[in-house]
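Beneath this line is the structure, given in structure tokens, with notes to follow.
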Amino acid sequence: MPRWVDTREGGEEEVDDESTSEEEDDEEIEDQAVEEDVDVEEEDGEGNVDQNDRAASNAQAGPSGQRGKISISLGKKGLVCHVCGKKGHCAGFVGSVYHDCPFKPCYLCKQAGHTTMTCPFRIAPEHGCRQATGICSDGMLACVRQRELSGRRQDLHIEQNDWLVDAAVLKLHSRRCTCLEFHPTKDNIVVSGDKKGQVAIWDFEKVHERTVHGNMHRALTNNLRFLGPLHDMQCASASSDGLCKVFDVETGFDTVVLNMNPDGWIPGVTNERTWIMLYGLDVCTERQLIIAGDSKGKVYFADARTNKEIAQLQLHKKGNKVNTVHVNPVNCNLMMTGSNDWTARIFDIRNMPSSVGSSSSHASGNGSEDKAMELTCLDHPKVVNAAYFSPRSGSKIMTTCIDNRLRIWDYILSAGGPPDREIVHSHDFNRYLTPFRAEWDPKDTAERTIVVGRYISEDFGGAALHPVDIMDASTGRLLTQLVDANLATICPVNKPHPRMDVIISGSSRSLYAWRPVSEGNEDEAERARVAAEKKGGAAPSSDHFVSYDADDAATEKKKRKAASAAAGNLKDGSPAGKGKGKGKAGPLFAEDDDTPPSKANWKKKKDDNTEGKRKKK
DNA sequence: AAGTAATGAAACC
DNA sequence: TGGTTTCCCTTACT
């Protein structure tokens, strides 16, 4: 049985009882649409039927297969499409299926001439992908042959299991989760950061055990990285408050390594242009370096032993975020960054200019000045959310770009040129959500398995769910899609465990632990599934399900007090009042000085979405 | 149950 | 270069 943790008051009941009559509603809507003379009969994405069916049984089993024809009524005169503004049709959800505006390019691959529903990339995710050389449709024979030829061990690591959420901690954070990191030595521990600057430590085996360091930062915790097995309690963090800290995950005791805004926020003086935020972060254990990227295209190097800044360099175009920093896992001289300037870049740290001070003010040029270190630049057509070396050999490269493509280079040396593969995959949303970042599975010795959340939803037995995809980076093939009826929100943050068959997803304010359904456990999983279905997607068991309303600041304080009184690990429960604390927070800061850059004066345009709204409940 | 705020990139002038 | 507007399947709340 899945283990869900709900520590809010009333725990399970909260999530209970939603949408029991979902199917009837669906039918109603469909019927309606049919009645009102239908011009366009649903283009049915034949190709993905089986894919969906399989996952549908994973999710709300429902009357899965026999989902009747869905129709959209284009004949209605009164309708106005909120996407293109033209009359006579309307984009949006019909039940759990979204229909694109037929006059816009495909939402998935961005090409004109078809909609997402009929997109070749949706029907066959590997469509148009060149396979990596030496990879023959995943046959065992091909793997053996490859192994003999290259002398390297090539595991066939094909995920075929069904996965389900095994444990969850709901509302652990008070804002959306922004990053995740596994503890280097304690297998069951995952550390997560959120949009408010909190850092949480969760034991996904014990489920109820978690610690929240509430005031680690005063703005988004953008990245976390452990200092390594030798300092296994020490974790570094980079935040939009401009701080890079090293903190002890058990005690929460922290040391500031970098402070990009030493004068703080001075009303009337500081503004959004001058405030510096830290984004990308990595730790180089060999060199004892902490490397962080900022919101202005600079990268900072700090000595992890002294916690002092060594250098800062303008490695990317000015004014553009450096979203990720990654030190090559086998060659610590190599570093790669992914940035909002539409590039990923690879650097040789040895070529760092010797005379770089903390007050460097290089000017001129097109913005990215400190070229000495740069080995190559990987151009992209849009923002690069993430750029990572493969975790074992360090010789492959994968980037996540918001043009809805994952790009794979099979060898670093080819990184100057076009990628070996572009995998079309839906992850292009850029507001409201934490940016998607595709991750390598460090367990796969062949360095093929990758994990990435999907933005676009799919109909799983009547529910619109957003799967987490396990894909093969060498073929572009979708190996498995993770869905669970209890997890209906988008999962932008996902990490495969380095040693266990576990994937942790951060979705909204909650964390979820996926596990494959083992053969012996299928019955149990089935029961859990049925239970979940009966309850309308609610918590099957409180042993596996915790919710924790971290929203209200006062409640939070109370809770912390109680926790410290109890002087031990936080135990389940500590019933929190129903979170109402609106948590009036400027975009940048959670508390005090109320002059953070606020965009409250933004004009709002009504986003007339009503007719196409997805029916919930 | 309908409305809305928070939010970020990019196109445009 | 800077300010303004738009956009596209959000989410959690009133």
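The model shown is predicted, which means the values in this text are computed figures rather than measured ones. Naming: A, B, ... by sequence-line order, numbering from 1 per chain.
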Subject >> Options B/dA10, C/dC7, C/dT11, nucleotide nearest the side-chain atoms of A/Val383 >> reply: B/dA10
**OP:** Kindly point out which of C/dT11, C/dC8, B/dA6 is positioned nearest to the side chain of A/Leu433?
**Re:** C/dT11
Subject >> Nucleotide of C/dT11, C/dC9, B/dG8 approaching A/Ser508 most closely (side-chain heavy atoms) >> reply: C/dT11
**OP:** Between C/dC9, C/dC8, C/dC13, spot the one nearest the side chain of A/Ser457, thanks.
**Re:** C/dC9
Original post:
Is the charged tip of A/Lys110 near the ring of A/Tyr107: under 6.0 Å from the six-membered ring centre and within 45° of its axis?
Top reply: yes
**OP:** Rounded off to whole Å, could you give me the NZ-to-P distance for the A/Lys195 and B/dA6 pair?
**Re:** 10 Å
Subject >> Spacing of A/Lys104 atom NZ relative to C/dT6 atom P, expressed in whole Å >> reply: 12 Å
Original post:
Should the pair A/His466 and A/Tyr455 be assigned to parallel (<30°), tilted (30 to 60°) or perpendicular (>60°) ring geometry?
Top reply: parallel
Original post:
A/Lys382 has an atom NZ; how far is it from atom P of C/dC8, in whole Å?
Top reply: 13 Å
**OP:** Look at the side-chain N and O atoms of A/Trp342 and state whether any lies under 4.0 Å from the OP1 or OP2 oxygen of B/dA10.
**Re:** yes
Original post:
Between atom CE in A/Met277 and atom C1' in B/dT7, what is the gap in whole Å?
Top reply: 12 Å
**OP:** Assess the side chains of A/His316 and A/Thr343: does a donor N or O sit below 3.5 Å from an acceptor N or O?
**Re:** yes
**OP:** Using only side-chain N and O atoms of A/Lys321, determine if any of them is under 4.0 Å from OP1 or OP2 of B/dA9.
**Re:** yes
Subject >> Selected nucleotide, minimal atom distance to A/Arg431 side chain, candidates C/dC9, B/dA9, C/dC7 >> reply: C/dC7
**OP:** Please work out if A/Asn340 contacts a base, only the sugar-phosphate, or nothing of the nucleic acid, heavy-atom cut-off 4.0 Å.
**Re:** sugar-phosphate
Original post:
How far apart are the C-alpha atoms of A/Asp341 and A/Lys321, what are their side-chain angles, what is the distance that settles it, and do they pass the salt bridge (Lys or Arg N to Asp or Glu O under 4.0 Å) test?
Top reply: CA-CA 7 Å; A/Asp341 72 358; A/Lys321 287 192 281 197; over 6 Å; no
Subject >> Atom pair distance, as rounded to whole Å: OH in A/Tyr455 and C1' in B/dG8 >> reply: 13 Å
Original post:
How long is the line joining CG of A/Leu220 and P of B/dT7, in whole Å?
Top reply: 9 Å
**OP:** Go through the side-chain N and O atoms of A/His425 and A/Arg454 and say whether any donor and acceptor fall under 3.5 Å apart.
**Re:** no
Original post:
What is the nucleic acid contact for A/Ile490, judged by heavy atoms within less than 4.0 Å: base, sugar-phosphate only, or nothing?
Top reply: sugar-phosphate
**OP:** Name the orientation of the base relative to the sugar in C/dC8: syn if the glycosidic angle is within 90° of 0, else anti.
**Re:** syn
Subject >> P spacing across the pair B/dT7 / C/dT14, given as an integer number of angstrom >> reply: 16 Å
Original post:
Between atom NZ in A/Lys317 and atom C1' in B/dA9, what is the gap in whole Å?
Top reply: 14 Å
Original post:
Between A/Arg273 and A/Thr116, which is nearer to the 5' end of DNA chain C once each is assigned its nearest nucleotide?
Top reply: A/Arg273
**OP:** Could you tell me the separation between the NE2 atom of A/His82 and the P atom of B/dG3, rounded to a whole number of Å?
**Re:** 14 Å
Original post:
With centres under 5.5 Å and planes under 30° as the test, does A/Tyr432 stack with C/dT10?
Top reply: yes
Original post:
Using atom P of each nucleotide, how far apart are C/dC8 and B/dC12 to the nearest Å?
Top reply: 14 Å
Original post:
How would you label the contact of A/Lys110 with the nucleic acid (heavy atoms, under 4.0 Å): base, sugar-phosphate, or nothing?
Top reply: nothing
**OP:** Could you please spell out the steps behind the side-chain contact (heavy atoms from CB on, under 4.5 Å) verdict for A/Ser192 and A/Leu172?
**Re:** CA-CA 10 Å; A/Ser192 59; A/Leu172 172 69; 4.0 Å; yes
